[in-house]
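Below is one structure, written out as structure tokens; comments come after it.
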Amino acid sequence: MAENNQSNPQENNQQQDNTPQNGQKKKFRSLNIDGTRYRTQLTEKFKNRQKWDNPLSGKVTSEFPGTVVKVDVEEGDEVEKGDRLYIYEAMKMKNRAYSPVGGTIKEVHVKENDIIRKGDLLFVIE
Amino acid sequence: MSLKRKILELQKKREKVLQGGGEKAIEKQVAMGKMTARERIVTLLDENSFHEYDLFVEHEARDFDMDKKVLHGDGVIIGTGTIYGAPVCVYAQDFTVAGGSLGLMHARKIGKIMDHAMKMRVPLIGINDSGGARIQEGVNSLAGYGEIFYRNTVASGVIPQLSVILGPCAGGAVYSPALTDFVFVVDKISKMFITGPGVIKTVLGEEISMEELGGAKVHSETTGNAHFYAESEMECFSQIKKLVSFIPWNNTQKAKKMEPKEPHTDKYPISEIVPGNPKEPYDIRDVIRAVSDDSDFFEIQERWAKNVVIGFGRVDGETVGFVGNQPLILAGVLDVDSSDKAARFIRFCNAFNIPLVTFVDLPGYLPGIDQEHAGVIRHGAKVLYAYSEATVPKITFILRKAYGGGYIAMNSRHLNADFVFAWPGAEIAVMGPEGAANIIFRKEIQNADDPDKVRRQKIKEYKQKFANPYVAAAKGYVDSVIEPQETRRLLSHALEVSQNKVDNRPSKKHGIPPF
């Protein structure tokens, strides 16, 4: 079955050519699947896919959109895994967010009353 | 009172109710570029075939001064009619009456026509144009939605259910279309979302228009919630009519047979469409058109997950469901979205006795961290489940690549396909020659003086030995290796001899597909 040994398609679709297809000029790219390069078109969704980020890297992002009610830590604080970092209001509830790792707070990018979106970078912990 | 006067009275009452929300509201509706609810039904159905019921239904709300308000028909029109002679049950929400809001009686009318459709075993068409729940009626409007969802679910797989979004369809209301088989949207008119731009702005401070959040393009290109996209309401109605012509009235019948027609082989010369090199793209829809009656292919979800193509066509006048990998887009891989798209269509065809015809040309499932984390295992499994579960005639043509898990998934013999044909250029193998050679001959390649030369040589060897249909044919996994121009004849023959197919499965309440 498809063992994916070396193909990160992101790196491999740089080439392009313009061959008329059905009378229309369309952009063809090269897509690497299991070591074979196919000439094909890409979709917007494929092109816009997000690069993976290690969730345990110490970068704490917001898990849910809402309004920050309280920030419990400041730069330089020592935290343990499971310590409360901030409280935010969303879906008519006050929600608590906890640190996924232990370490020192290096960066704080959030303060009370901030409106946060899902995926916003809030803290960096080392 | 004489009967004559009573008739006059009826006529007057009718006339009043038929005005819907009145002149001003109708003007507003027209200014939004929309037809009125009754115009829509009359345009959609066969001439003079529509008959309306529950014209004189009135709401029972008493709170918030609702007792002083008259809402004609309670904002929804229900009735029966025909499309190309096929009976259908229809409801259309009337935006001119209290914004088409859904209250208890409104929901009860919809429920009534749904029950009728189920009793008569005929398709149901719902035209949605509603501001949402009628807040004044509180929990009663929620009850109304819930009862509609329940009926949608019970009717699923028994009668075809079509949802037409011709206005807003917001909040809980969106779940009825989501439970039905086909959703139609029209550019600039359809708007579907759970929470609207207002709430999103208050909660998140993000500004987005209704169109950008849940317009026709969004649902037909990004979310996959819609199946048919039209530029105008008229175009939308002709799509609905065409769909109805392809499908049966219910799950005990077959679709109506039409006059057989030959494909346009001059325009779609089947032997010349597919390039010999499996890395080169082409449009799989040309192959489908090369075998379907009159080269007519009615594509579904043509703007979403385009790496797989699904839709209806006819062979010898009989409706078939076509599924094909699309090498033109993402090399035709299966991924999260295309698996979802194909699996749901396969289940519709199976539920409604429509034979499945599959064209295979895919390099496998899409590799990538985003796909793995998006659950390509669970979504990809839907295709395996849907094909394995299907008991309608299942016919497969392997045109070129059929590698790995993708080969198994695309209605292979192993999932109990009835007929598997392969073209001479078919490559049925565990993976592409490049990948396979790199793994099998890894050491030899590494240790060689000229690794590239050895690699090329090993790839060539592997190609010659395995990249063909004969290894699979030798095991009987492929029934017959055929010339491309024999495709239509064999397809027609396979369908002919599959007419009395019996495929008994163990009885069960229901399976548990990987939703």
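What's counted below: heavy atoms across the whole structure, side chains too, no hydrogens, waters or symmetry copies. No experiment lies behind these values; they were computed from the predicted model shown.
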For this session: Just give me the residue among Thr222(B), Leu330(B), Asn277(B) that pairs up with chain A most often, heavy atom to heavy atom, under 4.5 Å.
Result: Leu330(B)

Problem set entry | From CA spacing to verdict: salt bridge (charged side-chain N to carboxylate O under 4.0 Å, His left out), Lys401(B), Glu427(B) | CA-CA 5 Å; Lys401(B) 311 174 292 296; Glu427(B) 298 187 1; over 6 Å; no

For this session: Please test Tyr403(B) against Tyr407(B) for ring pair (Phe, Tyr, Trp, His ring centres under 6.0 Å), starting from the C-alpha separation and ending with a verdict.
Result: CA-CA 5 Å; Tyr403(B) 298 153; Tyr407(B) 154 70; 9.8 Å; no

Exercise. Which answer fits Ile369(B), side chain, backbone, both or neither, if we ask what part of it has an atom under 4.5 Å from a heavy atom of chain A?
Worked result: side chain

Exercise. Is chain A contacted by the side chain of Asn307(B), its backbone, both, or neither, given a heavy-atom distance below 4.5 Å?
Worked result: neither

For this session: Say whether, by atom type as modelled, one donor and one acceptor occur between the side chain of Asn325(B) and the main chain of Asp361(B) under 3.5 angstrom.
Result: yes

Problem set entry | chain B contacts, top residue of Thr43(A), Ile115(A), Thr36(A) (heavy-atom pairs, under 4.5 Å) | Thr36(A)

Exercise. Is the side chain of Ser62(A) donor-acceptor paired with the backbone N or O of Gly119(A) at a distance under 3.5 Å, no angle test?
Worked result: yes

Exercise. Out of Ile105(A), Val108(A), Asp72(A), which residue meets the side-chain contact (heavy atoms from CB on, under 4.5 Å) rule with Asp77(A)?
Worked result: Ile105(A)

Problem set entry | Portion of Glu221(B) that has a non-hydrogen atom of chain A nearer than 4.5 angstrom | neither

